[in-house]
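Note on naming: letters A, B, ... go to the chains in the order of the sequence lines (proteins, then strands), and numbering restarts at 1 for each one.
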Amino acid sequence: LSDGHSCIGCVLMVSIVEQLVQVHNSTTQEEMERLCSYLPEKLFLKSICYLTAEMFGPDIIKLLNLKMNADVVCHALQFCKQEAGQPLCHLYNPPQEGLKRALSRARKIIQHSPSLTIPGGL
Amino acid sequence: MGICSIPALAKICQKIEHSLSTTLPFEDADGDKFSVFPTLRGFYWRGRDCNDRNRNIYPGRRPENWDAQQDSNCNGIWGIDPKDGIPYEKKFCEGSEAKGLIVLGDSAAAHFHIPPEWLIAAHMSVKTFSNLPMALSNELDWPQFSGTTGFLNSTSGSPDRSIYLRLRQRNRCNHRDYQSVSKNGASSKNLLKFMGSLSRNQLLDQPAIVIYTMLGNDVCNGNIDSVSKMTTPEDMRAHVMETLTFLNSRLPPGSHVVLYGLADGRFLWDHLHDRYHPLGQLNRDVTYTQLYDFLSCLQVNPCQGWMSSNETLRTLTSERAKQLSNVLEKIAASEKFANMSLLYLDYPFKEMSEEWQRRGGQTWQLIEPADGFHPNEVASRLAAKFFWEKVLQRWPHVLGKENPFNHEIERLFGDQGGH
């Protein structure tokens, strides 16, 4: 899968978690767990989900709690990458402060995150 | 991070990779290209093998010794009538013009489908994702529900049956004789790489109706300079002729090949651009225009030409699609092959849309909501209806006679071993 597909996967997952929080009036942590609990055991889907939540959950929680949208979260976590000379890809309308500024804020918040130093990267 | 790097799983990963790249069944003990396993190119894709330990027993073959002892063609009809000592297969199927259905196609033919409920938070539950492993091991295709080779009851409530089910209803001797040699992203060019997975023995098997249906990948790509990467009419002709030469070398005499024209994908933008994508329905914040732009920006848009706000590009894409359809129509009218006749049909989107509106629906409801690109199950089954009606009207011999023993077969053999 290309970088583009990783970006789409991340934006989808983060969007769903964000909307689950809204629908159940709950916390990001609870809704990530809820989403993983919905997945079947087959093909290790549930395990992969819990592992992903373990690795990236703390950063996703921090960023979503600051009302950052899925585009910003996925760029900050480097699932979405801006190619040289290309625009910053986004699904949602940019936040009021602008996508670049929001992203720079998000990067600062998670700059020391262990998820960004996974061997082999994302 | 790399599950296939675990030594115990490496071999199974290689086998799955082989199955995906060749479009041959993952589980096929006797190597006859038919399987008892549903997914990974198994019997959701081609008729279920009724004996996976004997490579001479598979769907679509002409019966061996009229199946007096065993069901050699897996159509569920076998044994001898004790009243007169005549084998049932001979009694019910001899001269019935039995034939199989083979589809050479793309993701639309394989019925690519991402259920919208996977994306709608408000409707999610454990049940929502119960079919995810099946869908993943079928490359997110659902051929068992497709308009061409689908054999399971529709999930959409569509009253229209697939072409295979119609062919089976016309002649119960055709039971299980279907193959979907379809792949996501398939085009006239890359079909040449995987059509070898087609299974038909010129000497041993029944004739077949082959549907060649590549709705858009010859004009669809994710390149920024989309037009320059489209198949040219000259290349199209060369690729299709190569495919037809291959088919002529494999198909038993009396077969037919129906070449389907490309779609005019302008309806995608026209009917979807200002509607909300399932992901944007809760907060009214993601339209299909936004989705298309996002995919284009990431350079993973499956069809830059039609899934674009650039009207000139959409028109150019449709013009090229029309040129390529004309190539197919000319080939069907002018080329002759020893073992098969050639026919051409336009993709009937306009008729499908009108019929759907007559039934009280709206055109956008014929498009897959999650990807905003593929025809959905209702559309696939409507296309099957128009395919059937046109062929029946113009070339009834292609479909074979209606078997007068159908009721008798049903009475004696029930569901014929199921699918």
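Side chain of B:Gln290 to main chain of A:Leu91: a donor-acceptor pair is present (N/O by atom type, distance under 3.5 Å, no hydrogens or angles). Judged by distance alone, with hydrogens and angles left aside, the side-chain atoms of A:Gln19 form a donor-acceptor pair with the main-chain N or O of B:Leu279 at under 3.5 Å.
If you take CZ on B:Phe294 and CD1 on A:Ile8, they are separated by 6.0 Å, rounding to the nearest 0.5 Å. How far CG of A:Leu20 is from CD1 of B:Ile120: 12.0 Å, rounded to the nearest 0.5 Å. Taken to the nearest 0.5 Å, the CD atom of A:Gln86 stands 10.0 Å off from the CG atom of B:Leu298. Distance SG/A:Cys7 to CD/B:Gln299: 12.0 Å, rounded to 0.5 Å. In this structure, the separation between CD1 on B:Ile114 and CG on A:Leu12 is 8.0 Å, given to the nearest 0.5 Å. We find the CZ-CG distance between B:Phe129 and A:Leu35 to be 5.5 Å, quoted to the nearest 0.5 Å.
Looking at A:Gln22, only its side chain comes within 4.5 Å of chain B, counting heavy atoms on both sides. A:Leu45 touches chain B through its side chain: at least one heavy atom from C-beta onward sits under 4.5 Å away, while N, CA, C and O do not.
Of all heavy-atom pairs between A:Ile16 and B:Ala121, the closest is O-CB, 4.2 Å.
Counting heavy-atom pairs closer than 4.5 Å to chain A, the top residue among B:Leu295, B:Leu136, B:Asn283 is B:Asn283. Among B:His277, B:Met124, B:Lys127, the residue with the largest count of heavy-atom pairs under 4.5 Å with chain A is B:Met124.
Heavy atoms of other residues, nucleotides or ligands lying less than 6.0 angstrom from NZ of B:Lys229 number 12 at most.
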